[in-house]
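This report concerns only the one structure given below.
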Amino acid sequence: MMKQLSASLLCVLGLAITALAQDVSRMDKIGPVVGLTKTEKGVVLKCADESQVQITILAPDLIRVRASFAKPLPEKDHSWAIAKVDWATPRWTVRETTDSVILATDEVEVVVKRSPLLVDFRDARTHESINADEQPMAYDASGALAPVQFDPSAGRFVAASKKLGFDEHFYGLGEKAARLDKRRGFFINWNSDTPGYSEGKDPIYQTIPFYIGLNRGNAYGIFFDNSYRSYFDFGRSSQQRVWFGAEGGELNYYFFNGPSIKKILNRYADLTGHMPLPPMWALGNQQSRWSYYPDTMVEEVVRQYRERDLPLDVLHLDIDYMQGYRVFTFDPKRFPSPKGLAEKLGSEGVKLVTIVDPGVKYQPQPPSAARVTSPQPELAPQDQRYYVFDEGMQKNYFQHRKSGDLFIPRVWPGEAVFVDFTLPDARRWWGDLHRAYVDNGIAGIWNDMNEPSDFLDQTGKNQIDVISNDEGEKSTHAKNRNVFALLMARATYEGLEKLRPDRRPYVITRAAYAGIQRYSTMWTGDSNSSWDALALNIPMFTTLGLSGEPFVGSDVGGFIGRGSGELLVRSYQVSFLAPFCRNHKVIDGYDQEPWRFGKYYEDIIRKYLKLRYQLLPFLYTTLEESHRTGVPLFRPLLLNYQDDPNTYNLDDEFMVGRDLLVAPVLKPDLTSRLVYLPKGVWYDYWTNKKYQGGSMIQVEAPLDMVPMFIRGGAIIPTGPEMLYVGQKRFDPITFSIYPDETGSASTTLYEDDGLSPAYKQGAFRRSTIAATRVGVGYAVTLNAPEGSYDPGLRELRFVVMSDRAARKTVTVKDSGSERKIQIP
Ligand code: MIG
C-alpha cells in the first residue's frame, strides 16, 4: 500500500518536473551578440533581439552576469542581499575573436560565444572549462510557462542552463530538507511555514539561492540573486543539464571561482556579508517551550536546571508572554514585572529571549478610546488601544494591497497587519519598538512566522497583490516574499544595535534570504521528534554552513511528536556541538526538558552539556573563524577533505572546525556504528586510541557515548566546567596536544570580551600555539599574541595526548608574551 502510494506519488511528481524542465528547454533564448561596450569593470553585450548582457569583474574570482531579455538593462540595480558593491577592480582584459568575446582575470577566463550566446567560465591558466552554459540564457517571452508562474504580472520567467558533469556534486542552497549532495535534486525557493516537515518537503522556510558545484575535486559557486520564486534543477530532469530560473526579475548571478570551497565561502561572505559575532552566551545551552508562563513557571524551569547541575544560559519566551499576542507587550497577569524576572534570572546567569512575530494585531478603535498613556506602554492594558497598531497606522508603515486596502492576514493575534520592511523609516521604527524589550532586560529576539506565514493561506496567493515600497519600485509579493524575513531581521538587529550599542545583538530567525547572516542566527523550524528528523540535522546544518549561514541549530529532541529519552540523548549528541543548542517543544507536546525521561538520560545529557561548556574556547575560536572567513563551524567532512571523494556523499558524520570529527548514532537501539576517517592520524576522544585514517572503522557507541575523534596535528583548547558563560574565567586553559605522524600539532585560540562589539576594533587576542616532538618530550611555542584584549593572568596547561599512560602535564602562567615550554 505504502509502496504503491509512493510510487504513484513519484510518478505525479516526475511528470510535473519533466513538464517544467521541458518548458525551460523550449523557452525563448537570448539572441546572438551584435555589439559590445567596454566599461571600467567589464562589458555590456548587445544582442540581436535587443537583449543585453552585462558581465562585471568584481574580483579575480568573482564575476557577475546580468541579463535583460528583449530590452535594455534597467537603470535600477539593487539587491537586499548584497553587502559589498564597492569592489576595487582587479586586473582584467578583454579581447574579441570572430566568434567570441573573451574577458580574463588572473584566475578566470569568461569566454562568451557570440552565436548562439553561450557563457563558459574557464580556468585562466589551463583554459579548461569550469562551468559552461548548456543552452543560451532563456526567458518566457510568450508566457507559455503560465501554469508554473505564480504572479503573471511579476514579469517573465528567466533561466540559465549549465552543463552537468557526469561526476559533478552540488552543495548549498540554504535550508533544504534534503541530503548533503544535491545532485539529481530539484528545489523550489518560496519561503513557507511547513510544520512537521520531513525529508523531501520543499520548499521550507528559507531562500538562499547559492550553490557550490564540485567537479573532479574543483569547486565553483553560483549565487542567483533573484528573490522571486526560484527553481534549481541539479540534473533531475535531464542527464546533461543543471538549470536555475525564477518567475520574474532579472537573470542575475555571480560566479565564484574556487577551486577550494573555503575560498568560495570567503568570497560569498565578502559579497553578502560576514556574520558578526553574537554574544558568547549564544553558544551556551538554551531552553524553550511553547510556552513557559507565568513568570513563576519560568523561574521554576531555571531552578530545576540549577538544582540538577545542568548548564543553561538562555530561556526563551514563546508567544504566550504577550498580551493577546500583541508584539511589544507583556501580559500583565502572567508577567507583571518582566524586568524583575530578567534580573532574578540574571543572578542565576540566565538570559531571556522573547519571540517577536511580524503580525501586529489589527485593532482599530473609535477615536474616543483612551490612548495608551502609561510611561511603559508595553505594560499598559492594550485592550482599549494598542500603541503599535496606532503608531504604525498613523505613520502608514503597514502593507497595502494594490487596491489601496490594508492587507489583513490572520495570524496569532487574529486579524493582523504586516509592516512594509522595505521602507527604511519603518525598519527604524520597528527597531526602536524593541525598547519595550531592552528596557526590561530582554537579551535577544526570536523572529518567527516571518515567511510571512498567514493562516488564511500558506501558499502566498492571498498576498500576491500586496505592494511593498521596495526602493520606490512598488513591487508585489512575488518579488518581496522571500526577502521579508531578511528585512525584518535587519530592522531587529539594527534596532538592538542602536538601543544597546555596547552589546552585540542576538537575533534568531526562522525564514531568510541570502545575506541573513549579517543580522541573524537561525534554527530549522518545526522539526519532528523522530529518528529521521534527527538524521536530517546533519545535512541541514552542514548545508546551511555551505550556504553562508554558520550559526545554525534545530529544536533539540524535535519539536512535534512524541520523543523518548533515547532520542533526546542522541539529539543532544548532535546538537551539543551545533552553534545553536536549544531544546524546544510544541504547545501540546510531552515535556522534553533534559530531566523529563528520568535520571539515566539526564545524567548523559549533563555530561554532554558540560563538555560543550568545557569546549567553549575551541568552539568560540571556530565561530570567530566563521565570522572572519565565512567558513562554518559545523562542517561536512568534504569541506576539510575536498580531495577525498569518500566524503562527497557523507552526511551521517560532521566536523567541528578542522579538528573534531563526530559520528553520532542516528537510529534507535544501536550501540555501535561505522565511522569513516579521512587520511591521517586520528585519536578516539574517549579512549585516546590512535587510528590511521582513510577507511571505515567500526566503533562502540553505547547510549552514553558519541563516537568522537580528534585529528592528529590538532591542539584542542578547553576551559573549566561551568553552568553558564561568564560564571568562571577561562582559567586554566588546557591545551590537549594530539601529535600527527611527524610529532607536530598546532592551533590558534581566539578570545575577546564575549559581549561588546569592541572586537571589531581589535580588542581580541589571537594566540598561536605549536608543538613538536623533541626526543621523548615536546617543545611548545606560544607565540606573542595578536590584538589588544587582555584576558588577565591565568594558568595554561599543556597535555600531550599521544600516550595516555605516559601523559604529562606542564602548567605555566600566561603572561601574554612569547613563551617556550618544554614538556619532558
Ligand atoms: O504557528 O510561537 O516554529 O518554534 O513555538 C506556530 C509558536 C508558531 C512556530 C515556531 C515554533 C513556535 C511556535 N511557532
Side-chain angles (χ1 to χ4, degrees), residues 175 177 191-198 201 203-206 286-293 297-298 301 314-331 334-335 352-361 409-416 418 437 442 444-460 484-485 488-489 492 507-512 516 520-530 533 536-537 540 544 552-561 563 571 575 578 580-593:
E175 190 191 39
N191 291 0
S192 302
D193 180 357
T194 50
Y197 68 87
S198 48
K201 178 76 184 170
I204 55 172
Y205 308 99
Q206 304 200 349
Q286 312 196 21
Q287 178 67 54
S288 184
R289 181 70 207 254
W290 178 9
S291 303
Y292 289 131
Y293 69 84
M297 166 72 113
V298 174
V301 175
V314 184
L315 204 117
H316 290 246
L317 298 184
D318 206 328
I319 48 176
D320 298 285
Y321 76 85
M322 296 179 252
Q323 208 184 132
Y325 302 119
R326 292 174 185 87
V327 286
F328 306 104
T329 71
F330 288 91
D331 183 312
R334 292 173 177 172
F335 293 93
L352 281 171
V353 165
T354 47
I355 199 169
V356 178
D357 288 352
V360 171
K361 187 178 176 68
R410 258 195 107 75
V411 266
W412 287 107
E415 287 189 327
F418 290 157
Y437 299 116
I442 303 300
I445 299 296
W446 168 21
N447 282 170
D448 185 27
M449 305 290 283
N450 50 357
E451 292 68 34
S453 180
D454 175 0
F455 294 161
L456 293 173
D457 163 46
Q458 291 294 10
T459 68
F484 183 87
M488 180 180 173
T492 307
V507 183
I508 165 166
T509 183
R510 192 169 72 178
I516 189 68
S520 185
T521 66
M522 69 84 64
W523 97 110
T524 59
D526 298 345
S527 59
N528 293 312
S529 294
S530 71
L536 205 51
N537 277 179
M540 285 187 79
L544 282 154
V552 300
S554 70
D555 293 341
V556 181
F559 183 66
I560 293 170
S571 183
S575 287
F580 182 62
C581 177
R582 182 191 70 172
N583 179 324
H584 180 46
K585 196 69 189 179
V586 69
I587 187 163
D588 56 359
Y590 293 95
D591 290 328
Q592 196 170 270
E593 291 90 353

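Position 1 is the first residue of the sequence; numbering continues from there. Quick note: numbers below take in every heavy atom, side chains included, and nothing from hydrogens, waters or symmetry partners. In listed order, ligands and their atoms are each counted from 1.
Using a 30° and 60° split on the angle between ring planes, F335 and Y321 fall in the perpendicular class, above 60°. Note: F328 and Y437 have tilted aromatic rings, judged against thresholds of 30 and 60 degrees for the angle between ring planes.
Every residue two or more places apart in sequence or in another chain that forms a side chain to side chain contact (heavy atoms under 4.5 Å, CB included) with D331 is listed here: K333, R334. Checked against ring pair (Phe, Tyr, Trp, His ring centres under 6.0 Å), W290 has the following partners two or more places apart in sequence or in another chain: W412. Residues that satisfy the ring pair (Phe, Tyr, Trp, His ring centres under 6.0 Å) test with W446, not counting sequence neighbours, are H316, W523, H584.
Of the N and O atoms on the side chains of S192 and K201, not one donor lies less than 3.5 Å from an acceptor on the other residue.
Sorted by chain and number, the residues within 4.0 Å of ligand 1 by heavy atom are W290, D318, I319, I355, W412, W446, D448, M449, R510, W523, D526, F559, H584.
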